[in-house]
Each structure stands twice: as structure tokens, then as C-alpha cells.
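Only one structure is covered here, and it is reproduced in the block below.
Throughout, protein chains are lettered first and strands after them, A, B, ... in sequence-line order, and every chain is numbered starting at 1.
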Amino acid sequence: MKFEAPRGTHDILPSEQPRWRRVTETMEEVCRLYAYRPIQTPAIEDTALIVRSSGEGSDVVQKETYTFEDRGGRSLTLRPEGTAPICRAYLEHGLHREPQPQKLYTIAPMWRYDRPQRGRYREHWQLSVEAIGTADPAVDAEVIRLYADILARLGVPDYVLQLNSIGDAACRPAYLERLQAWLDVHEGELDGEARAKRRTTPLRVFDVKSPRVRDLLRDAPVIGESLCAACRVHFDDLRRYLEAYGVAYELAPTLVRGLDYYTRTTFEFKDEAIGAQDSICGGGRYDGLVEAIGGPPTPGIGFGAGIERLLLSLGDGEASAEPVDVFFVLGEGADRAPVLTAMAALRARGLACDTDYAGRSPKGQLTQAGRLRARSVVVVDAGGARLRRDGREEPISLDRLADTLAR
RNA sequence: GUGGCGGUAGCUCAGUCGGUAGAGCCCCGGGUUGUGGUCCCGGUGGUCGGGGGUUCGAGUCCCCUCCGCCACCCCA
């Protein structure tokens, strides 16, 4: 094979489009019901925006970005996630001076230079939903319920929602100090992985594999017990609102997210049936992000939901393509020209039609009409035209076809 | 980025001990049929992922490489 799609990218063929559309149309409909408005941003962003928002030390920035210099010497990066670009657009176009919150969504491709495997691509599509300009925990509950609605409408049965709060600028630093102090005391009992993690991503020490170290960490201080009063109230309110919304969740005291900008709420929807890459939606609150990229202090919350992974959750259920309304079979000695005229008239009336361009035999053309699930077939030969539908056949004039079928 | 498994027709796969490449499905044609289904017959289709090596001879053995899958890592 001479050329193939670049590693980790994939084509979405016509045969897959019905399933894709069902998913994206459901997403758009649910976003509309929650009064989120569509927005689109460029695929490329200033590298500095991505670095400052995701964080210099994040895995995304450290090893997963597609970064290049353009011909003008600018450093650009293919967006690895949806939140930072939308916040940039929010700021750049003064949406922070319009009524708050701004409730926005986009369905767009993202790029990450990961090692590909099932459910993990270098180019993949995400639904990004963002509510910027309010710290109200009811909005946290809203975006979570919004995604749960999408799953419900699509019929995804087996997923769990994990929920946590990782505090904010007021309480997280103090917590991290307590955690590090505790780790200092137990330094001798840690393994290499735990020691590495406490240096780079201390909140992740709880994820180490060693059962012995995990056991030990059971006595370590957890963020949930160290929240400041404001974060505590926010989290309690969120949980109350989720109950009001009828959303079931489990607390995940060690759920941390990979980007530096998260504060307070973090959550993840998982479907472990789809493999190791089982997170189908991840998000959280990012109250410091807009300010970090040069705007006024502005709270926000949102999530990214991977479309390819959601399709894995949905399984292989077949969805059939749109049928065609009329297929024209050309018999011996038939003139094409009047058929083209008839098709133009039908299309003008909103009827989808097609004919043979492959030189098939009449039998082959009928087979093709069947494949396209044509509702009507018009057989044209030297003797005139016949309309076949509902198992019956009648002579018809091509001139009157549109009038007959459009009724 | 690390480790493991894999790659043969458009798709799913077989291919023995190293001896000149196969099936089913799909597609095209013919027959049957009530001119779209069924059934029967025939046909098109291959850089055996790519490159190098060993050998009289490589789909088969060795090396490199690309791609996929599984796990790690991390996430959507």
C-alpha cells in the first residue's frame, strides 16, 4: 500500500456516517435543550496558549502536542482539547462583557501525539461543552446531567460517573503541603513510582500500582477532607443538585485530571466495557483559567466527550443509510437526456434520485436500485418509461413523473 | 515513550517440512424467477505491509522499518 492515513488517524467512511450522525445529532439536540450555543474555533492555536492553560508540566504539553513553526516563524499547536481555545475566543471577542454565563459547545477534532490503540487516536473528535462566567454549582450539575442525557438518549447502559473535588487556590496548596509532609514521614516505605509521582504530580501518588504502597496510602490525608469552607459548600451543593437531577455517581477521592487548570469539581464518565481507554467523558471546573490567559477572574466549567469512544460503547448496531426515492434503470436503446431532465425535476421537488453510471446490465441496475433501497424504480427503454413501486408497474411519461411522485 | 502479539484479494481468513497464491463474502456477467429477493454457473481482483539478508528457490527463516491490536503510561 502506497499511502495510508497517518498513524493514529482514521477515515470515517460513508458506511459509518449513520452511526456518527446519530451521535452528533443527539449531542446537538441535547445541547439545544440545555440552551448551549454552538461555537467553532481554529484547529491551530498559539502554542503559548496551550502551554499556559494545560500547564507546562502536563503530559499533554510534555509529550503529546503537535507543535510546529509556520512560515512566518510563529509557533503553532494543533489543539489537544477544547476548553482553552473556547476560553480564548470568549476573551478575544468580549463574550465576558455579555450576559453570563456563556453556555457554549463545539463538536470538533482534537490532536494528541499518543501511542494509538483501541479508543485512543492521534486525531479524534470531541464534544466540548463549556459554561463560562458562573461559579454556581448548579451549572456543574447541569453539564453533568447534560452528558448523562446524551448517554440515556443513545441507550448507553453501563457507565459510571465518578466525582471529586480537588479544592481551589485557597485550600489545595495547604493540602499539598500536608500530603508532602506525610509522604516525608513515610518516604522509606514508598517505592520508586510513588517517589517519582510525588515530585511531578503529587495528587496522583494514590494511583500507584503497588498494593503495598496503596495500602500504606490509605492513611494519607485526602483532599476531600481538606477542602476549605467555600469548596466544601460548593461540593455539597453540587451533590444535592445532582440528586435533584436524578444523576447517580460515585465519589472518587483520588480522581485527578491531567490538566493544571482544574479547580474544585472534577468528574469522569467511564465505560470499562470498551477497553483500557475507558473514559468516555472527562471534565471539571476551571475557575482560574480565563485569568491565567490574560482575562479577568472568571469561573468556568466544562467537559470533553470523545465521540469514537462513545461509538465503542454503543457497539456495532447497524444503522441503515438514507434510501433514495427514485432510481432510473436504462434499458436497451434508452436515451439518457430525458432521464437527466426528469431527475432535475424530481430533485427540485426534494426527491432524491440516482441512475446507473457503471454500464450495468438492466438486471444489475435493478440490483443497484435494491441496494439503494429505492422507493420507486423507473425503467426507461426504447418503448417508453414504466414506474414500479409497491410491487406494481404502470406506464408513465417522464414529463409527468415529478407531478405523480411528488404527491 | 516502554513491553508483548499480529499484517496474505475490497472484507473475514487458510496456506503443511522453504518448492511458482487459495476459500468464503463483496463486485461484474449469464441462467432461473414475477425485471430489485432466493438459488445455480462463470468472471474480475494479489508488490503476501515495505526494504534488506540467507537460500538453487522465501508468504514461510533472519534483520530493519511502517501500520494495527493488547497492556503500561495517560486520557477523550
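B:G7 and B:G15 are spaced 11 Å apart, taking the P atom of each and rounding to whole Å. The gap from the C1' atom of B:G43 to that of B:U33 amounts to 22 Å, rounded to the nearest Å. Across B:U32 and B:U16, the matching C1' atoms stand 41 Å from one another, rounded to whole Å. Nucleotides B:C17 and B:A76 have their C1' atoms positioned 50 Å apart, rounded to a whole Å. For the P atoms, the distance linking B:G45 with B:G22 amounts to 14 Å, nearest Å. Distance check on atom P: B:G18 versus B:U60 gives 11 Å, rounded to whole Å. Between the C1' atoms of B:G10 and B:G51, the separation comes to 26 Å (whole Å). Taking the C1' atoms as reference points, B:U44 lies 34 Å from B:G52, given to the whole Å.
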- For RNA chain B, what is the dot-bracket line, given that a base pair needs Watson-Crick (N1 to N3, plus N6-O4 or O6-N4) or G-U wobble (N1-O2 and O6-N3) geometry with both distances under 3.5 Å, and | means paired with another strand? (((((((..((((.....[..)))).(((((.......))))).....(((((..]....))))))))))))....

Hey, can you pull the donor-acceptor pairs under 3.5 Å for the side chains in residues 374-381 of chain A, sequence neighbours left out?
residue: A:Arg375; atom: NE; partner: A:Asp325; partner atom: OD1; Å: 2.9
residue: A:Arg375; atom: NH2; partner: A:Asp325; partner atom: OD1; Å: 3.3
residue: A:Asp381; atom: OD1; partner: A:Gly383; partner atom: N; Å: 3.0
residue: A:Asp381; atom: OD2; partner: A:Arg386; partner atom: NH1; Å: 3.0

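Minimum atom distance to the side chain of A:Asp278 is reached by B:C75, of the listed B:A71, B:C75, B:A76. For A:Arg7, counting side-chain heavy atoms from C-beta on, the closest listed nucleotide (B:A76, B:G68, B:G4) is B:G68. When each of B:C74, B:C69, B:C67 is scored by its nearest atom to the side-chain atoms of A:Arg118, the top-ranked nucleotide is B:C69. Side-chain proximity of A:Asp114 to the nucleotides B:C69, B:A76, B:C73 is greatest for B:A76. Comparing B:G4, B:G30, B:G36 against the side chain of A:Arg115 picks out B:G4 as the nearest. Here the nucleotide nearest the side chain of A:Cys281, chosen from B:A76, B:C69, B:C67, is B:A76. In this structure, of B:G1, B:C75, B:A71, it is B:G1 that holds the atom nearest to the side chain of A:Arg120.
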Restricting to nitrogen or oxygen on both sides, can you table the protein-nucleotides 24-27 of chain B pairs closer than 3.5 Å?
residue: B:C27; atom: OP1; partner: A:Arg371; partner atom: NH1; Å: 2.6

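For A:Phe68, there are no ring-ring contact (aromatic ring centres under 6.0 Å, His included) partners, not counting sequence neighbours. Legend: residues meeting ring-ring contact (aromatic ring centres under 6.0 Å, His included) with A:Tyr261, ordered by chain and number and at least two apart, are A:Tyr286. In this view, A:Tyr66 and A:Tyr113 satisfy the ring-ring contact (aromatic ring centres under 6.0 Å, His included) rule, not counting sequence neighbours. The side-chain contact (heavy atoms from CB on, under 4.5 Å) search around A:Asp237 returns A:Pro137, A:Val233, A:Arg240, A:Tyr241, not counting sequence neighbours. For A:Tyr121, the ring-ring contact (aromatic ring centres under 6.0 Å, His included) partners are A:His10, not counting sequence neighbours.
Between A:Val377 and A:Tyr262, it is A:Val377 whose nearest contact on RNA chain B lies nearer the 5' terminus. Residue whose closest nucleotide on RNA chain B sits further toward the 5' end, between A:Val379 and A:Pro116: A:Val379.
Computed from coordinates, the A:Glu64 CD to B:A76 P distance equals 9 Å when rounded to whole Å. Computed from coordinates, the A:Phe3 CZ to B:C66 C1' distance equals 14 Å when rounded to whole Å. What separates CG of A:Leu366 from C1' of B:G30 is a distance of 16 Å, to the nearest Å. The distance from atom CD1 of A:Ile274 to atom P of B:C69 is 13 Å, rounded to the nearest whole Å. Taking atom CZ of A:Arg257 as the reference point, atom C1' of B:C75 lies 8 Å away to the nearest angstrom. Protein atom CG of A:Leu330 is 17 Å distant from nucleotide atom P of B:G36, rounded to whole Å.
Applying the salt bridge (charged side-chain N to carboxylate O under 4.0 Å, His left out) definition to pairs two or more places apart or across chains, those involving residues 160-169 of chain A are A:Asp168-A:Arg264. For residues 100-110 of chain A, the pairs satisfying side-chain hydrogen bond (donor to acceptor under 3.5 Å, both in side chains) are A:Arg37-A:Gln102, A:Tyr90-A:Gln100, A:Lys103-A:Glu142, with sequence neighbours left out.
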- Tell me, for nucleotides 38-44 of chain B in 5' to 3' order, what letter each nucleotide earns: B for a base near a protein heavy atom under 4.0 Å, S for only sugar-phosphate near one, - for neither? -------

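A heavy-atom distance below 4.0 Å to RNA chain B is reached by none of the residues of residues 349-357 of chain A.
Nucleic acid contact class of A:Ala305 (heavy atoms, under 4.0 Å, all strands): sugar-phosphate only. When heavy atoms are screened at a 4.0 angstrom cut-off, A:Gln368 is found touching no nucleic acid atom at all. Among the protein residues, A:Gly331 comes within range of no part of the nucleic acid, since none of its heavy atoms lies under 4.0 Å from any strand. Residue A:Ala374 is classed as a base contact, given a heavy-atom separation below 4.0 Å to a base. Within 4.0 Å of A:Tyr121, counting heavy atoms only, lies at least one base atom of the nucleic acid. Residue contacts for A:Arg204: at a heavy-atom cut-off of 4.0 Å it reaches the sugar-phosphate backbone alone, with no base atom in range. Residue-level contact check: A:Gly283 touches neither bases nor backbone, having no heavy atom under 4.0 Å from any strand. Among the protein residues, A:Lys270 comes within range of no part of the nucleic acid, since none of its heavy atoms lies under 4.0 Å from any strand.
For A:Ser226 and A:Arg178, the side-chain atoms include at least one donor-acceptor pair closer than 3.5 Å. The closest side-chain donor-acceptor pair between A:His234 and A:Asp140 falls under 3.5 angstrom. For A:Arg118 and A:Gln277, the side-chain atoms include no donor-acceptor pair closer than 3.5 Å.
The pair A:Arg232-A:Asp236 meets the salt-bridge criterion, since a charged nitrogen lies less than 4.0 angstrom from a carboxylate oxygen. A salt bridge does not link A:Arg212 with A:Glu189: none of the charged nitrogens is closer than 4.0 Å to a carboxylate oxygen. Ion pairing of A:Asp114 with A:Arg112 is absent here, as no side-chain N (NZ or NE/NH1/NH2) approaches a carboxylate O to less than 4.0 Å.
Distances shown here put a side-chain N or O of A:Ser361 below 4.0 Å from the OP1 or OP2 atom of B:G30. Not one side-chain nitrogen or oxygen of A:Ser279 sits closer than 4.0 Å to the OP1 or OP2 atom of B:A76. Considering only side-chain N and O atoms, A:Gln277 lies nowhere under 4.0 angstrom from the phosphate OP1 or OP2 of B:C74.
By the 6.0 Å contact criterion, CD on A:Glu272 is open, its count of non-hydrogen atoms from other residues, nucleotides or ligands being 12 or less. Atom CZ of A:Arg400 sits in a sparse spot, with 12 or fewer heavy atoms from other residues, nucleotides or ligands closer than 6.0 Å.
Residues A:Arg172 and A:Leu203 form a side-chain contact, since some pair of their non-hydrogen atoms from C-beta on lies under 4.5 Å apart.
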